[in-house]
Structures are given as C-alpha cells and as structure tokens.
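Worksheet: one structure, shown below.
None of the values given here were measured: they were computed from a predicted structure. For ligands, and for the atoms within them, numbers begin at 1 and follow the listed sequence.
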Amino acid sequence: MEKLKQKILTEGRVSGDDILKVDSFLNHQLDVAFLNEIGKEFAKRFEGKKIDKILTIEASGIAIASIASQHFGNVPVVFAKKVESKNLDKDVYEAQVYSFTKAKNYTIRVSKKYLNEGENILVLDDFLANGRAAIGLNELVEQAGANLVGVGIVIEKGFQEGAKLLESKNINLQSLVVLDSIKDGKVNFR
Ligand code: 5GP
C-alpha cells in the first residue's frame, strides 16, 4: 500500500534495528481518515470471504478493527483483553503470548460469549513481528471451534519470524506493507 509506505517514511521513527514507532497515526494519536484507507484496503484483500467477526487485541488493534469493520458490513469487533479485570466473565478462552516489545509473557482472554462455534473470524492487528500475538488469537479462535479466515496486518516486519510461522500453519496472511530491514535509522521496504 503505497500511501502507507509514504506515511511511514514521513512520520515513522526508528528505535534500534528492530522497532518502528508510528505513534503519530497508529499507536498513540490516531489518523482516522488514514485508518479508514487502511480499513478499505483490508476489505479489498479479503474480498469475497465470509467474515462474521473481527478479532483483535487491545489496545492498538481496537481502532484499526473498528474502522475496518465498517468496510466489512459493520461486523462486530471483539478485542482480546491483556489485563485481568474483575469485570471480565470467568468463562473465557485464554492463551499465552510472548511480547516482543515488552520481553515478557502475558495472557490474552476473550469471554466465551463473544466467540462462537462455526463463526468466520478475521484477525487484524497493527504489527507482525514474531507472530506470537496472531498465533495467540488463532488459539482463541480454535478453542471456540470458530474458523480463522485470515490475518490482516498493517505493518509486517519481514526480517522477523511471524510470516513464516503463520505460513507453516497455512494461515492466509495479508500485510499492507512489509519491511525488509531497519538499518541506520532507516526503514527499507520489500
Ligand atoms: P509479535 O506478537 O508478532 O511478535 O509482535 C506483534 C505485537 O508486538 C504487535 O501487536 C505490536 O503491538 C508489537 N510490536 C512488535 N513490533 C513492533 C514495532 O516495531 N513497533 C510497534 N509499534 N509495535 C510492535
């Protein structure tokens, strides 16, 4: 997605050789008009597929998925929770995810009410690094007996293991841009 490449080049900030920060439009401040373009592009990538729900993970996935939903016929958006809370039902699907950015494990949970057997689920998220978040979300889908239609990612870091891991599980991965490397403060696209 050419516009996304330009946006990353003008607004992205690099941290070390493996982290891209896009806080100005995706991870802190939200560029709603631009997220709408991203939503449209995801709808194109998954055109013709039956999608009953979009599943994502808090926090940054929520805005992406909510805006994208409007291009998938306003299907419900479910976000997996990372933080344990007294408000969450006790009856949950849960999976362990290793966080690349925080270098620790955490548990993701979705109430059993909101993922059902036979539903067709599209997973959307902001970044793909080593694929742990996407695999954790897929585990929730499997526990529910639902079907994973695919995984849509805004920015894939192609130099990490995520895409390979999803391919090995025959998951339909659609990344809007793929980074080949981050070197000397610069992003190189595939
Ligand atoms: P994975 O589970 O694929 O290893 O990592 C994906 C998750 O880690 C994403 O949901 C995202 O929140 C975070 N992440 C990984 N790499 C980056 C990065 O370079 N920049 C930002 N902003 N988040 C990242």
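- For atom 6 (C) of ligand 1, the nearest non-hydrogen atom of the protein is Phe127 O, 3.5 Å.
- The N/O atoms of Ala129, backbone and side chain alike, include one that comes under 3.5 Å of an N/O atom in ligand 1.
- Phe34 does not carry Lys3 over the face of its six-membered ring by the limits of under 6.0 Å from the centre and within 45° of the normal.
- Closest protein heavy atom to atom 4 (O) of ligand 1: Asn130 N, 2.8 Å.
- In summary, the atoms of ligand 1 found under 4.0 Å from a heavy atom of Arg132, numbered by their order in the structure, are 1 (P), 2 (O), 3 (O), 4 (O).
- Scanning the protein for heavy atoms near atom 22 (N) of ligand 1, the closest one is Asn27 OD1, 3.1 Å.
- At least one heavy atom of Asp18 sits under 4.0 Å from some atom of ligand 1.
- At least one heavy atom of Lys157 sits closer than 4.0 Å to an atom of ligand 1.
- Figure legend: Lys53 and Tyr114 shown without cation-pi pairing, the cationic atom not lying both under 6.0 angstrom from the six-membered ring centre and within 45 degrees of its axis.
- At a 4.0 Å heavy-atom cut-off, ligand 1 touches Asp125 through the side chain alone.
- A salt bridge is defined here as a Lys NZ or Arg NE, NH1 or NH2 lying under 4.0 Å from an Asp or Glu carboxylate O, and Asp31 with Lys7 meets this definition.
- Annotation: atom 14 (N) of ligand 1 to nearest protein heavy atom, Thr101 CG2, 3.6 Å.
- Of the candidates Val22, Leu26, Asp126, it is Asp126 that places a heavy atom closest to atom 12 (O) of ligand 1.
- At least one heavy atom of Gly131 sits closer than 4.0 Å to an atom of ligand 1.
- Against a heavy-atom cut-off of under 4.0 Å, Ala133 is close to the following atoms of ligand 1: 2 (O).
- What sits closest to atom 20 (N) of ligand 1 on the protein, heavy atoms only, is Leu20 O, 2.7 Å.
- Under the 3.5 Å distance criterion, the side-chain polar atoms of Glu156 are left unmatched by any main-chain donor or acceptor of Ala163.
- When only modelled atom types and interatomic distance are considered, Gln143 and Glu139 share no side-chain donor-acceptor pair under 3.5 Å.
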